Asks: 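My questions all concern the structure below.
Remember, predicted model here, so these are calculated numbers, not experimental data.
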Amino acid sequence: MDIQLVALFFAPITALVALGYAAYLTKRVISENEGSDKLQEIAKAVREGAMAYLTRQFRVVFPIMGVLAIVIGFALSFEEAVLFLLGAGSSALIGFLGMWIAVKANVRTANNALKGLNPALQTAFGAGAVNGMLVVGLGLMGVSLIYMYSYFTNIEFGADAVAKHATDVLVAYGFGATLLALFMRVGGGIFTKAADVGADLVGKVEKDIPEDDPRNAAVIADNVGDNVGDCAGMAADIFESYELTVVAAMILGGSMFGLAGVVFPLLARAAATWTSILGTFFVKAKDDNEDPLKPLVRGFIVSAISAVAIFMALSVYLLNEPKAGYAAVVGILAMIALLFITKYYTGPGAQPVVEIATASKTGAGTNIISGLGLGMESTFVSTIVVVVSLLAGYSLLDFYGIALVGMGMLATTGIIMSMDTFGPIADNAQGMCEMAGLSEKAAKVTGSLDAVGNTTKALTKGFAVGSAVIAASALFVTYFEVTGLTSINAASPKVFAGMLLGGALPFLFSSRLIGAVGRAAFAVVEEVRRQFREIPGIMEGTAKPDYGKTVDIVTAAAQKELVIPAAIVLLMPIAVGLLGAEALGGFLASSVVTGSMMGFFMCNTGGAWDNAKKFVEDGNFGGKGSDTHKAAVVGDTVGDPLKDTAGPAINPMMKIIQMVALLIAPLIIIVVGL
């Protein structure tokens, strides 16, 4: 049978299987008991806050996407405008459904903790796997349907016409997915960290009460933030990385191998979906005493090894070029290396984390100095991995090899996203357990899950940054393919100006987000203080705080601060494009360089500060309430907007400017020239 026809139907069928598996897991999770009335009351507050936030965000974002679609329709084509909206809609659906299952699973995980480790683990990871299957299923479905459309409308003109049409329209689809992901990342990041910082500064530092104490008016907003930032935002972010690496690989593969080069990424991605499904079956705790991280690692290893075997088989039998498989394997190995580096610099009890905790003994200043130094070191080490993987991919198959490295890094997306969503679900469950006053056994189970969840969240942030850098790099070399450029002359004043602007953009973008968190957190702190001061009986537990007020504050702040950072990212490449295609190329290159450094630095530094605080809270150096603990909380507070707002938002930022450049490149060449 013609391999192109196999790809035509195998990919969408696989996508349907992944979505069907997600539906099955959803039904299994929802069938679990929500527990006591107290648990259900807490869960309802978190669920309503999360949905209210996301609904309000969509009201802000959707009109903007509609206006952009009209612009794309007039400037490019109606077809590309439709696909832009389809990509945005897919990304929005991923974020919404991922958060929906998370806020359904958190209370069920807390209640199942009363039964033991495995029931709670299965619920939390099962809901996480729903998110993972949604990302790979909808991602694969979108790309495969676009490919089918291109095949049936262009096959009469030959295979090259199919390849060209598919890759042209996929750019618009990827742009829609990327832009929506930016909105989700920015809004969710501002919400979650404003609530978290506000809750910590008043609760832990001023009132000396536990993290999830129900007397804190910001505690529900904090739990809502875990979902809108780490579930909705992360799902949309990884979804568009997942899409863009396919887009880049199909464009570059078509120029090197013809239609077979376009089909290879599609089949490889479909096959990797099956390996992610396989990996989920190995995530089961052997007993209540097993470290919950071990089942997660087992599932990941099974998925990764299976993906290696399939990539190699496809490269030999489809392309007759084993180097394609080697390039994908390089991506898998690079991803594993980044996970280990992230774990070393941010993992609980790791030497750098203990070093930061030790520095906290002499105050917040030394805590911050130590964290900054180690974060900078981690950035260099992470960059070495990216550099080696890029050079290895290029040495194997030139620019196509680089795109395939990105494909490999995202081969285990299904299982990685499952692990990521597991984190906020476990975090919420632990908080609900404390607020509802569940048994010591349940607290022990949710505590162990939360500790592992903190690790998986940190690991997946490293994965997200690394995959974003590779995806942006693949799109950068695709820009050369589209414009016909072979090099960039850095000695040209226009090119050098573009490079300077590209290097400065991540700083301006990050400053807007960090400032937004600071402004929103200030409002939360003032509100929590006001409630402690004006509502009698809160500290005694005889009166309930007004949780809804703090949720409203951070929701409004997130929407208010949403548009300007996105506008900056959209308009900057267009403005630099007026200097010519080569200057825009310099802008793209330097933005990836600076953006990747800042992404690694902010995520790793913030993660290390977070776990240094937790190390002290575990009873080291005086434990909770000590001066060392208060210093560590300050460090964690500084790191929060870095690791959960600005750092993750750098990922879609790097990719959006590449997508804008690909869309406007033909116009730039016509109007301005190279």
Side-chain angles (χ1 to χ4, degrees), residues 29 32-46 102-128 199-200 203-204 207-216 219-220 222-223 226 283-296 348-349 422-457 538-542 544-545 610-611 613-626 629 632-633:
V29 169
E32 299 288 346
N33 196 309
E34 289 187 279
S36 66
D37 290 343
K38 180 65 174 177
L39 265 179
Q40 292 184 46
E41 180 187 352
I42 297 166
K44 183 182 178 183
V46 173
V103 296
K104 291 286 187 180
N106 49 18
V107 63
R108 291 166 169 85
T109 300
N111 187 57
N112 278 344
L114 293 166
K115 304 176 186 176
L117 174 61
N118 203 52
L121 173 64
Q122 290 297 304
T123 301
F125 182 78
D200 280 359
K204 290 184 178 181
K207 295 296 183 179
D208 196 22
I209 58 178
E211 182 170 355
D212 292 300
D213 195 300
R215 293 172 292 179
N216 191 326
V219 72
I220 294 295
D222 189 9
N223 279 275
D226 291 334
V283 182
K284 293 178 181 175
K286 295 176 180 177
D287 54 56
D288 280 359
N289 295 319
E290 184 177 23
D291 182 351
L293 185 60
K294 289 183 179 179
L296 298 176
F422 166 86
I425 291 172
D427 191 352
N428 269 203
Q430 197 272 336
M432 289 176 176
C433 181
E434 183 173 324
M435 284 186 278
L438 298 188
S439 67
E440 186 177 337
K441 176 184 178 181
K444 182 179 178 182
V445 169
T446 56
S448 65
L449 292 179
D450 184 34
V452 171
N454 288 326
T455 301
T456 60
K457 284 191 293 184
I538 287 184
M539 281 300 291
E540 294 76 19
T542 57
K544 286 178 62 175
D610 185 12
N611 275 325
K613 175 202 69 177
K614 288 183 171 65
F615 184 79
V616 176
E617 289 177 344
D618 287 340
N620 299 290
F621 306 135
K624 293 182 180 180
S626 65
H629 179 230
V633 169

Asks: Are any of the side-chain heavy atoms of Leu121 and Leu449 separated by less than 4.5 Å?
Replies: yes
Asks: Starting at CG of Leu438, measure out to NZ of Lys38 and round the result to the nearest 0.5 Å.
Replies: 11.0 Å
Asks: For Glu440, I'd like to know if atom CD has over 12 heavy atoms of other residues, nucleotides or ligands within 6.0 Å.
Replies: no
Asks: Are any of the side-chain heavy atoms of Ser439 and Leu114 separated by less than 4.5 Å?
Replies: yes
Asks: Return the NZ to NZ distance between Lys441 and Lys115, rounded to the nearest 0.5 Å.
Replies: 10.5 Å
Asks: Within this structure, what is the CE-CD distance for the pair Met435 and Gln430, rounded to the nearest 0.5 Å?
Replies: 9.0 Å
Asks: Begin with the C-alpha distance, continue with both residues' side-chain angles, and end with the deciding distance and a verdict on side chain to side chain contact (heavy atoms under 4.5 Å, CB included) for Lys44 and Glu41.
Replies: CA-CA 5 Å; Lys44 183 182 178 183; Glu41 180 187 352; 5.8 Å; no
Asks: Rounded to the nearest 0.5 Å, what separates atom CG in Asp610 from atom CZ in Phe615?
Replies: 14.0 Å
Asks: Determine the minimum heavy-atom distance between Ala127 and Ala105, stating which atoms define it.
Replies: CB-CB, 3.3 Å
Asks: Strictly distance-based, threshold 3.5 Å: is any side-chain N or O of Arg215 a donor or acceptor partner for the main-chain N or O of Ile538?
Replies: no
Asks: What is the minimum heavy-atom distance between Ser448 and Val445, and which atoms define it?
Replies: OG-O, 2.7 Å
Asks: Once rounded to the nearest 0.5 Å, what's the spacing between atom CG of Leu39 and atom CZ of Arg108?
Replies: 11.0 Å
Asks: Given side chains that start at C-beta, do those of Val107 and Met432 come closer than 4.5 Å, heavy atoms only?
Replies: yes
Asks: Using the rule side-chain hydrogen bond (donor to acceptor under 3.5 Å, both in side chains), only one of Thr446, Asp450, Asn106, Thr109 pairs with Asn428; which is it?
Replies: Asn106
Asks: If I take atom NZ from residue Lys613 and atom NE2 from residue His629, how far apart are they, to the nearest 0.5 angstrom?
Replies: 7.0 Å
Asks: I need the minimum non-hydrogen distance between Pro119 and Gly116, along with the two atoms involved.
Replies: CD-O, 3.4 Å
Asks: Just by modelled atom types, is the Val283 backbone N or O under 3.5 Å from a matching donor or acceptor in the Gln122 side chain?
Replies: yes
Asks: Evaluate side chain to side chain contact (heavy atoms under 4.5 Å, CB included) for Ile425 paired with Phe125, printing each intermediate quantity in order.
Replies: CA-CA 9 Å; Ile425 291 172; Phe125 182 78; over 6 Å; no
